[in-house]
A.B. asks: 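I have a structure I would like to understand better, so I am pasting it below and will then ask my questions one at a time.
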Amino acid sequence: MSLNYTLNNIPERTIKPRDKGITMVMDKGLSLRQAEDFLEVAGIHTDIIKLGWATSFVTPNLEEKLKLYKEANIPVYFGGTLFEAFIVRDQFDDYRRTLDKFGMEYAEVSDGSIDINHEEKCQFISKLSEQVTVISEVGSKDATKIFAPYKWIQLMQAEINAGSWKVIAEAREGGNVGIYRDSGEVRQGLVDEILTQIPEEKIIWEAPQKAQQVWFIELIGTNVNLGNIAPAEVIPLETIRLGLRGDTFNHFLNQK
Ligand SMILES: O=C(O)[C@H](CS(=O)(=O)O)OP(=O)(O)O
């Protein structure tokens with residue numbers, strides 16, 4: 001990545017294509033012109049784009065948008081809710097055909113809105129990973145469904161074993177379920193326990209709120225994988241990763 005001028009002692013950032021330090025952006029309906037503008041300023045800092053939930057079903061010019069992202073060399077995938085919409089209707093084969101039809105190279109497997117047996121979910125991961133790179137998501141979108149840290153670890157581990165490239169820790173667009181309390185505060189004990197068993201580079205933490213991004217960057221470092229980043233927040237996030245915004249400025253200076 002080329003930077004505009006020289007500053008000494010900037011935290012070292014991994015470079016694209018990265019396996020660690022990923023910024024996953026959620027596009028929930030950008031127009032083609034907005035997507036072009038987004039790529040012009042933030043494409044360089046974006047590792048992967050999710051077309052949020054099932055927005056791809058109603059997005060006009062879907063093929064053109066996918067082409068734009070492909071030309072920018074940024075992988076794209078449909079949100080997990082779309083996968084779930086197919087599964088709940090018993091249309092797994094149709095989902096596979098849909099991925100082929102649109103030339104998708106990545107897919108999300110989640111169960112945030114549906115109840116499926118976890119072995120069955122792992123079979124979907126395993127079958128889909130013969131076709132695409134699979135990212136799976138752990139955690140419910142239902143704030144009342146809270147499960148213990150050991151369970152998160154078990155589910156994440158089983159999904160990685162089944163073939164997931166990365167596992168996403170659920171938070172939704174609002175950042176108020178899953179790994180967060182409804183106030184948006186991180187369930188710290190949960191995250192700490194997960195990190196005792198699952199390698200941090202295998203997890204993408206959904207962190208739509210600035211305070212959540214800062215928390216993970218301070219805990220894990222500049223090159224933590226973060227997801228559900230809004231397009232307009234990619235450049236601000238990059239500065240937070242580098243200790244160039246007040247929120248992490250002293251954290252990184254004090255590490256020297
Ligand atoms: O689970 C998510 O992070 C997203 C967005 S939201 O929950 O609908 O706000 O859903 P996904 O289906 O994974 O894109």
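As the structure lists them, so they are numbered: ligands from 1, and atoms in each ligand from 1.
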A.B. asks: Just need the protein heavy atom nearest to atom 11 (P) of ligand 1, so name the residue and atom and give the distance.
C.D. replies: Gly80 N, 3.5 Å

A.B. asks: Go through ligand 1 atom by atom and flag the ones less than 4.0 Å from a non-hydrogen atom of Asn228.
C.D. replies: 2 (C), 3 (O)

A.B. asks: Which of the numbered atoms in ligand 1 are under 4.0 angstrom from any heavy atom belonging to Glu108?
C.D. replies: 13 (O)

A.B. asks: In terms of the angle between their ring planes, are Phe124 and Phe92 parallel, tilted or perpendicular, with boundaries placed at 30° and 60°?
C.D. replies: tilted

A.B. asks: Is the number of heavy atoms from other residues, nucleotides or ligands within 6.0 Å of CZ (Phe102) greater than 12?
C.D. replies: yes

A.B. asks: For ligand 1, which atoms, with element, lie under 4.0 Å from some heavy atom of Gly52?
C.D. replies: 14 (O)

A.B. asks: Can you tell me which residue and heavy atom of the protein come closest to atom 12 (O) of ligand 1, and the distance to 0.1 Å?
C.D. replies: Thr81 OG1, 2.5 Å

A.B. asks: Are side-chain N/O atoms of Gln154 and His118 paired as donor and acceptor at under 3.5 Å?
C.D. replies: no

A.B. asks: Enumerate the atoms of ligand 1 whose separation from the nearest heavy atom of Lys141 is less than 4.0 angstrom.
C.D. replies: 1 (O), 2 (C), 7 (O), 10 (O)

A.B. asks: Looking only at side-chain N and O atoms, does Asn228 offer a donor or acceptor that is under 3.5 Å from a partner on Lys50?
C.D. replies: yes

A.B. asks: Other residues, nucleotides and ligands only: do more than 12 of their heavy atoms fall within 6.0 Å of CD on Glu119?
C.D. replies: no

A.B. asks: Could you check whether Asp94 and Gln91, counting side-chain N and O atoms only, form a donor-acceptor pair closer than 3.5 Å?
C.D. replies: yes

A.B. asks: Do any heavy atoms of Gly112 fall under 4.0 Å from ligand 1?
C.D. replies: no

A.B. asks: Judged on heavy-atom distance to atom 7 (O) of ligand 1, which of Glu84, Arg172, Glu206 sits nearest?
C.D. replies: Arg172

A.B. asks: Could you check atom 4 (C) of ligand 1 against the protein and tell me its nearest heavy-atom contact, residue, atom and distance included?
C.D. replies: Lys50 NZ, 3.4 Å

A.B. asks: Counting only nitrogen or oxygen atoms and a 3.5 angstrom limit, does Met26 reach ligand 1?
C.D. replies: no

A.B. asks: Considering heavy atoms of the protein only, find what lies nearest to atom 14 (O) of ligand 1 and give residue, atom and distance to 0.1 Å.
C.D. replies: Trp53 N, 2.7 Å

A.B. asks: Angle between ring planes, Tyr95 versus Phe86, binned at 30° and 60°: parallel, tilted or perpendicular?
C.D. replies: tilted

A.B. asks: Heavy-atom count check: over 12 atoms from other residues, nucleotides or ligands less than 6.0 Å from Lys28 NZ?
C.D. replies: no

A.B. asks: Quick test: of every protein heavy atom, which one is nearest to atom 9 (O) of ligand 1, and how far off is it to 0.1 Å?
C.D. replies: Glu173 N, 3.0 Å

A.B. asks: Taking Gln212 for the side chain and Gln209 for the main chain, is one N or O donor matched with an acceptor at less than 3.5 Å?
C.D. replies: yes

A.B. asks: Which atoms of ligand 1 have any heavy atom of Glu170 under 4.0 Å away?
C.D. replies: 1 (O), 2 (C), 3 (O)

